[in-house]
Protein chains: 2
Amino acid sequence: MAEGLQPQVGQSLLFLTDEQLRKGIEAMFFAYRGFTADPDRILAQKGYGRAHHRAIHFIHRSPGTTVNNLLSILGVTKQSLNRVLRTLIEDGLVESTVGTRDKRERHLHLTAEGATLERALSDAQRDRMRAAYRAAGPAAVAGFRQVLEAMMDEETRHHYEAMKDKTE
Amino acid sequence: MAEGLQPQVGQSLLFLTDEQLRKGIEAMFFAYRGFTADPDRILAQKGYGRAHHRAIHFIHRSPGTTVNNLLSILGVTKQSLNRVLRTLIEDGLVESTVGTRDKRERHLHLTAEGATLERALSDAQRDRMRAAYRAAGPAAVAGFRQVLEAMMDEETRHHYEAMKDKTE
DNA sequence: TTGGAATGTCAACAAAGCTGACGTATTGTG
DNA sequence: CACAATACGTCAGCTTTGTTGACATTCCAA
């Protein structure tokens, strides 16, 4: 809508045409399906869904995290998260312990069984990611990350940045 | 799980470490939320959801497409798509016409009102995309697309490729 | 011409999001 | 201390969007 109105400065803005943007949008849609396909298959066997995967991922990522913290990372309501956490705790994949400093808080950890599932899920997802990275090469990967980061909401980017340097 | 076992060839495989892959996975998760946030707000006002957006997008993209074709692009069941299409048709955003050659088929088009909503949705989504592209630059965008394409399922990539060159 | 394949519709159910209300335990503050 | 705020859990009820199963219509080929 806007691009057609401005003169192109050399060829440097060709990547910003509506057509290029539309392709990017569709690429994002189709790629995200591939991105979730492998874990989805594993989850379906166990009777879980993507919501369980997300909880498991971020508990693994930040062991001992509180419910509230998880809530703000996932961007869902506590009722919604609670439904998922309850089943994971009942099934013995997640452990919830009362906080020592603040007893209102619950600290979340994966049990051995939970860690096993986490491993299976992230192995599957990483395998595809690795294949894509390898096919595209390091320079493309850097660009990939740059664009994704620029696409995030301001607040979301803070969560992302905060976790970025944890283990490097 | 696998990376630690192989010797790194110079520094060229550093981008394939589990840690790098994990960051890519989280970037994908967080970015996708941003990617859908703007259209979601518009849709919520009108009482629609993401499924309506996807239908509208691809009908706009391929006017006259059949239900079956749309089905294979979207990767959902016909019953699920049908519910969405029915409301869009009832609300006068989409027109369904019986096929002339094969009367079993329905050909789908956007009405003027449907095209207006499509415009609003894709403007919003493109605005964010454009900002991200502009911030990252043309080289990063090329890499972004490369990695996304490599991440798609084989069959999905065919859909993507088929639509790629339609208007260029 | 008739039976099977393809296309699309209706019904009922499940996962996972949401809002709103409320209970309980704990913490912090005036 | 009294009381407000915080953290968490839960119940009820609704919405979106996916699923399977059953069925009507249409086409095509034996």
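To find a chain, count down the sequence lines: A is the first, B the second, and so on, and within it residues start at 1. Heavy-atom basis, side chains included; hydrogens, waters and symmetry copies ignored.
As rounded to whole Å, 9 Å separates atom P of D:dC28 from atom CZ of B:Arg101. Between the CG atom of A:Asn69 and the C1' atom of D:dA7 there is a distance of 13 Å, given to the nearest Å. When the C1' atom of D:dG18 is taken as reference, atom CG of B:Leu85 falls 15 Å away, rounded to whole Å. Look at CZ on B:Arg33: it is 11 Å from P on C:dG17, rounded to the nearest Å. The interatomic distance linking B:Asn82 (CG) with C:dA11 (C1') rounds to 12 Å, in whole Å. To the nearest angstrom, P of C:dG17 lies 15 Å from OH of A:Tyr48. Rounded to whole angstrom, the span from the CD1 atom of B:Ile89 across to the P atom of C:dG8 amounts to 11 Å. Taking atom CG of B:Leu70 as the reference point, atom C1' of D:dG18 lies 16 Å away to the nearest angstrom.
With hydrogens and angles ignored, a donor-acceptor pair closer than 3.5 Å exists between the side chain of A:Gln79 and the base of C:dG20. Looking at A:Arg104, its side chain comes within 3.5 Å of the base of D:dT6 through a donor and an acceptor atom. At a cut-off of 3.5 angstrom, counting only N and O atoms as typed in the model, there is a donor on one side and an acceptor on the other between the side-chain of B:Arg83 and the base of D:dG18.
Nearest to the side-chain atoms of A:Asn68 among the listed nucleotides C:dG8, D:dT6, D:dC8 stands D:dC8. Considering only the side chain of A:Lys103, C:dT27 comes nearest among D:dG18, C:dT19, C:dT27. Comparing D:dG18, D:dC11, D:dC8 against the side chain of B:Arg54 picks out D:dG18 as the nearest. Of the candidate nucleotides D:dA7, C:dG8, D:dT10, D:dA7 has the atom nearest to the side chain of A:Glu105. With C:dC10, C:dA16, D:dT19 as the choices, the nucleotide that has an atom nearest any side-chain atom of B:Arg86 turns out to be C:dC10.
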Where does DNA chain C pair, written as one dot-bracket string 5' to 3', with Watson-Crick or G-U pairs under 3.5 Å, ( ) inside the strand, [ ] for crossing pairs and | for another strand? ||||||||||||||||||||||||||||||
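For the side-chain contact (heavy atoms from CB on, under 4.5 Å) with B:Arg157, the lone residue among B:Glu154, B:Glu155, B:His159 that qualifies is B:Glu154. Tested against A:Phe29, the residues B:Phe58, B:Tyr32, B:Tyr160 include a single ring pair (Phe, Tyr, Trp, His ring centres under 6.0 Å) partner, B:Phe58. Residue B:Asp38 is tested with B:Arg128, B:Arg33, B:Arg126, B:Arg50 for a salt bridge (Lys or Arg N to Asp or Glu O under 4.0 Å); the sole match is B:Arg128.
Atom CD of B:Glu118 sits in a crowded spot, with more than 12 heavy atoms from other residues, nucleotides or ligands closer than 6.0 Å.
Salt bridge present: B:Arg130 and A:Asp18 bring a charged side-chain N and a carboxylate O closer than 4.0 Å.
Sequence order on DNA chain C of the closest nucleotides to A:Leu81 and A:Thr100 puts A:Leu81 first from the 5' end. Comparing A:Gly47 and A:Lys78 along DNA chain C, the residue whose closest nucleotide (by nearest heavy atom) sits nearer the 5' end is A:Gly47.
The phosphate of D:dT17 (OP1 or OP2) has a side-chain N or O of B:His52 nearer than 4.0 angstrom. Proximity of A:Thr77 to the phosphate of C:dG17: no side-chain N or O atom is located under 4.0 Å from OP1 or OP2.
In summary, the side chains of A:His57 and B:Glu26 do present a donor paired with an acceptor at a separation below 3.5 Å, with no hydrogens or angles considered. Judged purely by distance below 3.5 Å, without hydrogens or angles, the side chains of B:Asn69 and B:Thr65 pair a donor atom with an acceptor atom. Side-chain N/O atoms of B:His109 and B:Thr97 include no donor and acceptor closer than 3.5 Å.
Nucleic acid contact for A:His107: none, since no nucleic acid atom lies under 4.0 Å from a heavy atom of the residue.
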